[in-house]
Q: 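This structure is in structure tokens; I'll ask about it shortly.
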2 protein chains.
Amino acid sequence: MHVSTILALLLCVSPTIALWPLPRQISSGTTALRLSSSFSINLSGVHNPPKDLRDAVTRTQGYLRNDSLQALVVDRGASFAGAIKTAKSLGSLTVKLTSSGSVKSISQEAVAPLESRIEGYTLIVPADGSSAVLQANSTLGLFRGLTTFSQLWYELNSDIYTLEAPFNIVDSPAYPYRGFMLDTARNYFPVSDIKRTLDAMSWVKINTLHWHVVDSQSFPLVVPGFEVLSAKGAYNARSVYTASDVKDIVAYAAARGIDIIAEIDTPGHTAVIEKSFPEHIACPEASPWTQFANEPPAGQLRLASPSTVNFTASLLTSAAKLFQSKYFGTGGDEINSNCYQKDEPTQTELANQGITLNEALDKFTQVSHGALKNIGKTAVVWEEMLLAHPVNLANDTLIMVWISADNVASVAQKGFKIVHAANEYFYLDCGGGGWVGQNVLGNSWCDPFKTWQKVAYSFNPLAGLTEDQYHLVLGGQHLLWTEQSSPSNLDNVVWPRAASSAEVFWSGAGGNVGTALPRLHDVAYRFKQRGVNPIALQPEWCALRPGACDLNA
Amino acid sequence: MHVSTILALLLCVSPTIALWPLPRQISSGTTALRLSSSFSINLSGVHNPPKDLRDAVTRTQGYLRNDSLQALVVDRGASFAGAIKTAKSLGSLTVKLTSSGSVKSISQEAVAPLESRIEGYTLIVPADGSSAVLQANSTLGLFRGLTTFSQLWYELNSDIYTLEAPFNIVDSPAYPYRGFMLDTARNYFPVSDIKRTLDAMSWVKINTLHWHVVDSQSFPLVVPGFEVLSAKGAYNARSVYTASDVKDIVAYAAARGIDIIAEIDTPGHTAVIEKSFPEHIACPEASPWTQFANEPPAGQLRLASPSTVNFTASLLTSAAKLFQSKYFGTGGDEINSNCYQKDEPTQTELANQGITLNEALDKFTQVSHGALKNIGKTAVVWEEMLLAHPVNLANDTLIMVWISADNVASVAQKGFKIVHAANEYFYLDCGGGGWVGQNVLGNSWCDPFKTWQKVAYSFNPLAGLTEDQYHLVLGGQHLLWTEQSSPSNLDNVVWPRAASSAEVFWSGAGGNVGTALPRLHDVAYRFKQRGVNPIALQPEWCALRPGACDLNA
């Protein structure tokens with residue numbers, strides 16, 4: 001027997017390593033346990049269980065039955081066939097809601113303010129076949145526990161088994177915000193792609209879809225009262241998200257414990273609005289675009305114009321009402337001052353009002369954020385709004401740090417809440433070369449590729465902060481800007497990489513890149529069984545031999 | 001009207017830009033022309049047309065009917081609706097074989113020796129509706145011409161049209177070898193993936209699949225007389241290529257003008273053989289692998305052992321007989337001398353025979369290449385066999401240059417034929433980060449990503465050579481090593497990037513990266529219509545506005 005085989009067997013007897021994200025506390029044993037063919041999940045411990053919890057139970061039963069994931073070892077578990085055949089069988093999982101008071105649905109809890117959400121749970125799986133028990137103070141916590149439970153099992157000869165009973169898990173997230181950002185403006189993604197992504201996100205306990213839904217290139221969101229924006233600004237009549245699509249997506253997400261923070265980026269990144277409301281856009285498609293915008297086409301909202309400010313506030317209000325989230329993104333990144341300097345109406349307006357561009361931006365922000373506040377929404381902005389412009393932001397504004405993770409220190413110094421989104425760790429689109437034309441070598445500003453290793457295991461969410469600032473870090477997210485992505489590569493550009501931030505922000509920093517790899521293989525192989533197609537992390541030879549392809553093996 | 005819109009319209013009236021690879025000579029006009037609803041391809045100019053030509057005609061008719069590709073301009077061609085509706089209609093394409101003598105099939109011509117293949121054709125499409133004419137000296141040339149013909153057309157309101165009639169095309173490839181290499185050993189690809197890839201290759205006139213079918217990690221090829229190799233060395237019983245699969249793939253390829261050069265890499269990259277024939281493998285899965293191989297698992301054929309030499313010659317012979325090609329790859333890259341130094345049987349054997357390792361490698365090579373020669377096959381090797389080891393190679397051996405494009409000069413100096421495969425231009429797998437475990441930052445030896453721009457438009461196949469050496473350059477290829485690839489990402493990691501080498505080696509160097517981009521969009525969008533899913537090159541906004549996203553636009 002080769003050393004690598006022995007190593008594989010040793011690791012095989014720790015299949016709890018396959019849980020992702022790692023629970024905060026876990027103990028496990030060495031006893032084989034099968035799921036009974038009549039295994040059931042018992043909701044009697046939840047008074048009047050809400051429909052989305054019952055649906056989650058049904059989905060979990062489906063995963064248990066259909067994952068058919070063989071253990072990732074050379075013999076795919078065959079050497080344990082005897083132990084599995086004679087193992088005790090688990091007949092049920094008893095689900096108990098421990099909170100008193102009225103039972104809220106997963107969907108309601110998923111869209112509560114970030115810091116008030118309860119996602120923790122305890123899960124006990126005895127080795128003797130007596131019922132497993134999942135307990136939580138919230139249906140959202142129960143949902144997270146069901147997700148964990150579904151990752152415990154492998155399949156061999158139609159038996160669904162674990163070798164590591166009993167389990168005792170006490171779990172809750174390190175950070176309340178664990179997100180994934182999808183840009184649906186550079187290239188369009190059908191609703192089915194978004195739903196499949198939401199499912200995958202839920203499997204690794206990501207709880208936020210930051211939906212960068214529109215941008216300068218296209219406006220696929222159908223906003224009530226502003227339908228002309230998508231009618232003229234979507235790539236085509238089919239590449240839109242109708243109000244009914246949005247409702248469907250929001251409900252689908254919430255039932256999976258995911259809040260959707262939509263974003264309409266302002267005042268930059270709005271060129272497409274010119275097709276419908278030319279009076280509101282400065283420097284539309286101005287040339288050369290490099291002088292007017294970070295990418296083509298140029299065009300920004302005429303932020304000094306009172307009519308444009310009102311238009312923006314109304315648009316944001318109407319768009320935000322489509323979503324249940326307490327949060328809404330107003331953007332604020334990459335504002336190009338040259339665009340405004342060359343825009344005569346803006347210059348005239350500034351002169352008439354006797355204000356500077358920064359003062360105009362402040363007014364613009366007060367009105368648009370105020371409009372969101374009026375409908376109970378908190379604004380989410382990119383870091384420039386706090387760090388690059390002298391704008392007065394409400395204290396509860398969420399700041400997304402994208403230019404550099406180092407900038408969180410400045411955000412914390414100003415006392416604002418932080419969402420990590422630094423390009424050098426979290427931009428899934430980087431490393432594929434540049435996409436602008438006439439670029440002979442095809443390099444890109446954000447090369448190289450951001451590996452899952454760097455992202456997850458050399459990243460510390462609290463780096464550069466003092467202990468009393470730690471509470472300001474709400475979490476973070478991977479991001480997919482889609483200049484070079486489309487439905488063709490969605491699954492494999494996102495997965496399993498995005499699972500690495502999901503773990504950092506659930507389990508906390510300090511993961512081990514060596515032991516993470518076999519678990520991440522498990523994530524990828526299980527995703528595939530469930531219809532999502534992640535990229536291969538290694539040759540299958542390595543996936544079946546944990547550790548054998550390590551640098552020092 | 002914006003400048004970009006005008007630019008788009010200007011470029012739109014040159015849809016011949018969409019041909020890929022660019023024909024060597026082309027003239028076109030400005031007349032709209034439709035395909036008649038009764039359009040047919042007339043083979044009466046080919047005496048007893050072979051079945052694969054008739055099938056190619058049927059497929060071409062299918063593409064013409066089903067591509068339904070709208071022009072990549074903002075209005076998708078709508079502004080030309082009037083011109084299209086009133087255009088003359090083309091009733092037929094007349095296909096003529098101009099050679100005398102017996103008619104060979106495409107499949108026969110596709111596997112002829114590289115320098116004897118005739119792939120040129122002429123294609124005339126008049127503007128007045130009279131029959132178009134495709135002529136060639138070979139059915140293979142006719143096939144290339146049909147491929148070109150199928151790229152001329154767009155769809156609008158169910159009309160299939162061009163705006164650029166008449167066409168007059170005289171075309172033939174700059175280099176006889178235009179390849180794509182697929183590794184099916186690190187991760188396995190089902191037959192359907194290979195067939196889809198062969199179709200896509202044929203659409204851009206790639207004529208060689210270099211099939212790196214087995215390697216140290218797995219042995220999916222079922223070789224007659226050596227079935228145990230795949231029985232014990234494939235990832236699982238389904239992940240194999242049976243003799244019948246191979247026959248099917250070879251026929252499928254040949255009918256599409258593609259020769260398959262299979263490779264069994266020797267004496268390195270053979271660890272998996274140890275599972276079936278332990279006596280033939282030195283340092284099997286030796287640890288630490290970094291001292292014994294470039295990647296895990298270590299293991300090399302005991303090249304000094306007469307029994308291993310005979311085994312290898314028999315294996316290569318049996319495997320090569322599965323393929324119709326005149327060529328067969330024997331590998332020869334990354335031979336690790338430490339593996340042999342630490343292998344007692346090899347050291348004993350060398351001592352007994354009184355020869356050095358290099359002399360043993362030479363004998364090993366003479367016998368294995370001699371065996372191939374006996375069945376009429378020419379050996380193809382990686383560059384080390386010529387440049388790093390003092391091995392006597394037959395003059396007709398094809399040398400694949402992968403370590404650096406600079407090394408072609410040394411190969412040419414020795415008078416050998418060259419296939420370009422340099423990692424810094426052509427490795428499609430680079431730039432996704434490292435895949436070995438315990439690699440905290442996840443970087444890789446062959447970062448960064450190799451862009452299509454660098455590959456195709458800063459690469460000169462003749463660089464560093466003297467004019468009298470030019471004839472030694474047979475062509476080149478993109479390569480996909482699959483440590484981090486699988487069916488999940490096959491289409492989007494390969495396409496449309498691999499089209500860039502297809503063009504360099506068909507049309508010759510000196511392409512224009514600016515005008516290539518809209519044509520490459522066209523390739524990508526047409527591929528998608530045909531069921532292959534390339535990665536997005538740019539936001540759709542850019543794809544519909546040729547030039548508008550150029551660096552200087």
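First the proteins, then the strands, lettered A, B, ... as listed; each starts at 1. Keep in mind that what you see is a predicted model, and the values were worked out from it rather than measured.
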Q: Just so I understand: if I count every heavy-atom pair under 4.5 Å between each of A/Arg186, A/Lys454, A/Lys450, A/Gln438 and chain B, which residue has the most?
A: A/Gln438

Q: CD/A/Gln484 to CZ/B/Phe449 distance, rounded to the nearest 0.5 angstrom?
A: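 The distance works out to 7.5 Å.
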
Q: Below 4.5 Å, heavy-atom pairs only: which of A/Ser486, A/Gly514, A/Gly433, A/Cys549 has the largest tally toward chain B?
A: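 Answer, by heavy-atom pair count under 4.5 Å with chain B: A/Cys549.
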
Q: Rounded to the nearest 0.5 Å, how far does OG of B/Ser488 lie from CD1 of A/Ile535?
A: 8.0 Å

Q: Contact part of B/Cys542 toward chain A, heavy-atom cut-off under 4.5 Å: side chain, backbone, both or neither?
A: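 Interface part for B/Cys542: side chain.
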
Q: Using heavy-atom distances under 4.5 Å, tell me whether B/Asp447 contacts chain A through its side chain, its backbone, both, or neither.
A: neither

Q: Between chain B and each of A/Pro297, A/Ala185, A/Ser458, A/Ser216, count heavy-atom pairs under 4.5 Å; write down the option with the most.
A: A/Pro297

Q: Just verifying a value: how many Å separate A/Glu540 CD and B/Glu483 CD, rounded to the nearest 0.5 Å?
A: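 If I round to the nearest 0.5 Å, the distance is 13.5 Å.
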
Q: Give, as side chain, backbone, both or neither, the part of A/Ser485 having an atom under 4.5 angstrom from any heavy atom of chain B.
A: backbone

Q: Measure distances from A/Asn512 to the heavy atoms of chain B and classify the residue's part below 4.5 Å as side chain, backbone, both or neither.
A: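 Contact with chain B involves the side chain of A/Asn512 alone.
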
Q: Could you look at A/Leu551 and say if it's the side chain, the backbone, both or neither that has a heavy atom under 4.5 Å from chain B?
A: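 Both backbone and side chain.
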
Q: Just give me the residue among A/Pro288, A/Pro487, A/Ala516 that pairs up with chain B most often, heavy atom to heavy atom, under 4.5 Å.
A: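 Top option by heavy-atom pairs under 4.5 Å: A/Pro288.
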
Q: Quick check for you: to the nearest 0.5 Å, what is the distance between A/Asp491 atom CG and B/Asn489 atom CG?
A: 11.0 Å

Q: Measuring from atom CH2 of B/Trp289 to atom CG of A/Asp550, what distance do you get when rounded to the nearest 0.5 angstrom?
A: 9.0 Å

Q: How long is the span from the CH2 atom in A/Trp541 to the CD atom in B/Glu285, to the nearest 0.5 Å?
A: 4.5 Å

Q: Select one option (side chain, backbone, both, neither) describing which atoms of A/Pro448 are under 4.5 Å from chain B's heavy atoms.
A: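 Interface part for A/Pro448: neither.
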
Q: Which bit of B/Asn533 is near chain A, if near means a heavy-atom gap under 4.5 Å: side chain, backbone, both or neither?
A: both

